[in-house]
2 protein chains.
Amino acid sequence: MRADARRNHERLLTVARSAFTEHGTDTSLEDVARRAGVGVGTLYRHFPSRRALISAVFQSEADALVARGRELLDAAEPCAALLDWLRALIGHAVTYRGLSRTLMTASPDGSCELSSCSVPVRTAGGALLARAQRAGSVRPEVGIGDLLQLTNAIAIAAEESPDDAGLADRLLTLTLHGLRPAA
Amino acid sequence: MRADARRNHERLLTVARSAFTEHGTDTSLEDVARRAGVGVGTLYRHFPSRRALISAVFQSEADALVARGRELLDAAEPCAALLDWLRALIGHAVTYRGLSRTLMTASPDGSCELSSCSVPVRTAGGALLARAQRAGSVRPEVGIGDLLQLTNAIAIAAEESPDDAGLADRLLTLTLHGLRPAA
DNA sequence: ACCTGAACACCGTTCAAGT
DNA sequence: ACCTGAACACCGTTCAAGT
């Protein structure tokens, strides 16, 4: 890659990250290009679709989530570890408004642009869930796919109610109660 | 209201209803106007915003939900009645893709265009929830606001996974488990 | 090899002119 | 009193021309 191309690539990522934080992932791509000091065409050359750009921006957060998941596998309380991790997931989703929506549409197999983010995240969550299930603190019939969809749904609810700061946590707690096996 | 104005109003409602069913509530308003045989300006005269149009279309479903809620207040099992009603709510939301999103942003007080729909629905749900709580089958600290936000969130997850027909039901079941008081 | 930005298509919304 | 549709603003995406 040519030096200027590489610089443009990185500039676009930086600008896109802050634009997504400020205005959500639906922000104007024209605006991103302008703020990065490049033509729109250059943006499309580097990131052929909005999803590709979102994916690239989210990649580092996804890595962090996977790393956090690995740490939490050693935590004392498997169920609390799972909750912590889901909270972290929601935190990322709320930072980039609209991300949850994009993640929800990412198919579980590796077929779309978001797979490089969503598949490892899914795997990390799956490990935490399985551990909590082995410990008997989560119902065995719950799947990681369902749990992630529900968590993303909660993130969307939180995005839409910015004035209710505790909502996501309350809904997550409710969900966690639902995960516990019947007595 | 003049006769032609009344006819236009009804035509717009009919067309909007089917357009929302086909393409979701994000459908092109220009298209709705065209299919109704009126100019765009006429659409805006009758419904000054997209939300106003959505609200008008949803009004009759909201009425139906309220009626269903009243019936279910006499059902034998308070908790099962609540579940039935939430399922019905999700059904409406899935029919009009995007509706849940709009409903989620409707404030609980009567301040926005959607209040004429959302407030009565909220009240109906609140009655069913309160009954289940009095019967001791739902945790007392859960509020109707949180429950509706979560239900709408589940509806969004279902919309985004059209290939997984059972998703909404599974997530709703999970939630209902969470509502049960700790043993 | 990469970049630019004009060009095209599309949509939401408004408003002057018409009936 | 109501309707029409052209006009404006905005955005996503493509591609011919430039370096």
Side-chain angles (χ1 to χ4, degrees), chain A residues 1-58 96-99 101-102 105-106 112-114 160, chain B residues 1-58 96-99 101-102 105-106 112-114 160:
Chain A
M1 178 136 55
R2 234 164 58 177
D4 56 342
R6 163 167 299 280
R7 216 196 43 197
N8 283 337
H9 190 91
E10 272 163 29
R11 264 199 181 158
L12 281 167
L13 272 181
T14 308
V15 171
R17 165 163 283 119
S18 69
F20 287 170
T21 310
E22 277 177 64
H23 310 292
T25 56
D26 281 338
T27 194
S28 155
L29 294 187
E30 215 170 15
D31 200 61
V32 170
R34 194 157 13 105
R35 282 167 58 182
V38 303
V40 245
T42 304
L43 187 151
Y44 279 93
R45 160 169 283 266
H46 285 276
F47 306 101
S49 68
R50 181 182 293 274
R51 295 168 72 89
L53 182 55
I54 294 176
S55 175
V57 167
F58 183 54
Y96 303 123
R97 265 167 304 145
L99 177 63
R101 215 140 189 248
T102 310
T105 65
C112 77
E113 290 128 318
L114 279 159
E160 303 285 352
Chain B
M1 176 136 57
R2 235 164 57 176
D4 56 341
R6 163 167 297 280
R7 215 197 42 196
N8 282 339
H9 191 91
E10 273 164 30
R11 263 201 183 156
L12 281 167
L13 273 181
T14 308
V15 171
R17 165 163 284 119
S18 70
F20 287 171
T21 310
E22 275 178 65
H23 312 292
T25 56
D26 282 338
T27 193
S28 155
L29 295 186
E30 216 170 16
D31 201 61
V32 170
R34 193 157 14 104
R35 281 167 59 182
V38 303
V40 245
T42 303
L43 187 151
Y44 279 93
R45 159 169 283 267
H46 286 276
F47 306 100
S49 69
R50 182 182 292 272
R51 294 168 72 88
L53 181 57
I54 293 176
S55 175
V57 167
F58 184 54
Y96 303 122
R97 264 168 304 146
L99 177 63
R101 223 149 178 233
T102 310
T105 66
C112 80
E113 291 128 317
L114 278 159
E160 303 285 353

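So you know, we letter chains A, B, ... as the sequences are listed, proteins then strands, and number each from 1. Treat the numbers as computed from the prediction; the structure is a model and nothing was measured.
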Exercise for review: Could you tell me the separation between the CZ atom of B:Arg34 and the C1' atom of C:dG12, rounded to a whole number of Å?
Suggested key: 14 Å
Check your understanding: Tell me the salt bridge (charged side-chain N to carboxylate O under 4.0 Å, His left out) pairs involving residues 29-46 of chain B, sequence neighbours left out?
Key -> B:Glu22-B:Arg35, B:Asp31-B:Arg34, B:Asp31-B:Arg35
**Study point:** Nearest listed nucleotide, side chain of A:Tyr44, among C:dT14, D:dC2, D:dT14
**Key:** D:dT14
Exercise for review: Could you check how far CG of B:Asp26 sits from P of C:dC10, rounded to whole Å?
Suggested key: 18 Å
**Study point:** Nucleotide D:dC2, atom P - distance to CG of B:Leu12 in whole Å
**Key:** 14 Å
Check your understanding: Among D:dC11, C:dC11, D:dC2, which is the nearest nucleotide to the side chain of B:Glu30?
Key -> C:dC11
Practice item. Report the relative orientation of the aromatic rings in B:Phe47 and B:His9; use parallel for angles under 30°, tilted for 30 to 60°, perpendicular for over 60°. Key: tilted
Check your understanding: Which is true for A:Val38 with a 4.0 Å heavy-atom rule: it touches a base, it touches only sugar-phosphate, or it touches nothing?
Key -> sugar-phosphate
Point to revise | Donor-acceptor contact present, side-chain A:Ser55 to main-chain A:Arg51, <3.5 Å | key: no
**Study point:** Phosphate-side-chain proximity, A:Asn8 and C:dC2, N/O vs OP1/OP2 below 4.0 Å
**Key:** no
Study note, to complete from the structure: On DNA chain C, more 5' by nearest nucleotide between B:Arg50 and B:Gly41 is B:Arg50
Check your understanding: For A:Leu53 and D:dT13, what is the distance between atoms CG and P respectively, to the nearest whole Å?
Key -> 11 Å
Check your understanding: Can A:Thr102 and A:Arg50 be counted as having a side-chain donor-acceptor contact under 3.5 angstrom?
Key -> no
Point to revise | D:dC2 OP1/OP2 closer than 4.0 Å to side-chain N/O of B:His9 | key: no
Check your understanding: According to a strict under-4.0 Å criterion, is B:Ser28 in side-chain N/O contact with OP1 or OP2 of C:dG12?
Key -> yes
Exercise for review: On DNA chain D, check which nucleotide each of A:Thr42 and A:Asp31 is closest to and give me the residue with the more 5' one.
Suggested key: A:Asp31
Point to revise | Nucleotide nearest B:Arg45 (side chain, heavy atoms from C-beta), chosen from C:dT13, C:dA6, D:dC2 | key: D:dC2
Check your understanding: With distance as the sole test, does B:Thr25 use its side chain to make a donor-acceptor pair with the main-chain N or O of B:Arg97 at under 3.5 Å?
Key -> yes
**Study point:** d(CZ, B:Arg11; P, D:dT4) in whole Å
**Key:** 10 Å
Practice item. Would you give the length of the straight line joining atom CG of A:Leu13 to atom CZ of A:Phe20, rounded to the nearest 0.5 angstrom? Key: 9.5 Å
Practice item. Indicate yes or no for a side-chain donor-acceptor contact from A:Thr14 to the backbone of A:Glu10 under 3.5 Å, with no hydrogens or angles considered. Key: yes
Practice item. Return the value, rounded to whole Å, for the distance between atom CG of A:Leu43 and atom P of D:dT14. Key: 12 Å
Point to revise | Length of the line joining B:Phe47:CZ and D:dC3:P, which is rounded to integer Å | key: 11 Å
Review point. Roughly how far apart are A:Leu12 CG and A:Leu43 CG, rounded to 0.5 Å?
Key: 5.0 Å
**Study point:** DNA chain D base-pair string [pairs: Watson-Crick or G-U under 3.5 Å; |: paired with another strand]
**Key:** ||.|||||...|||||.||
Practice item. Respond yes when some side-chain nitrogen or oxygen of A:His46 is under 4.0 Å from OP1 or OP2 of C:dC3, and no when none is. Key: yes
Practice item. Just call it for A:Ser49: base, sugar-phosphate, or nothing, with non-hydrogen atoms closer than 4.0 Å on any strand. Key: nothing
Review point. The side chain of A:Val40 lies closest to which of these nucleotides: D:dC2, C:dG5, C:dG12?
Key: C:dG5
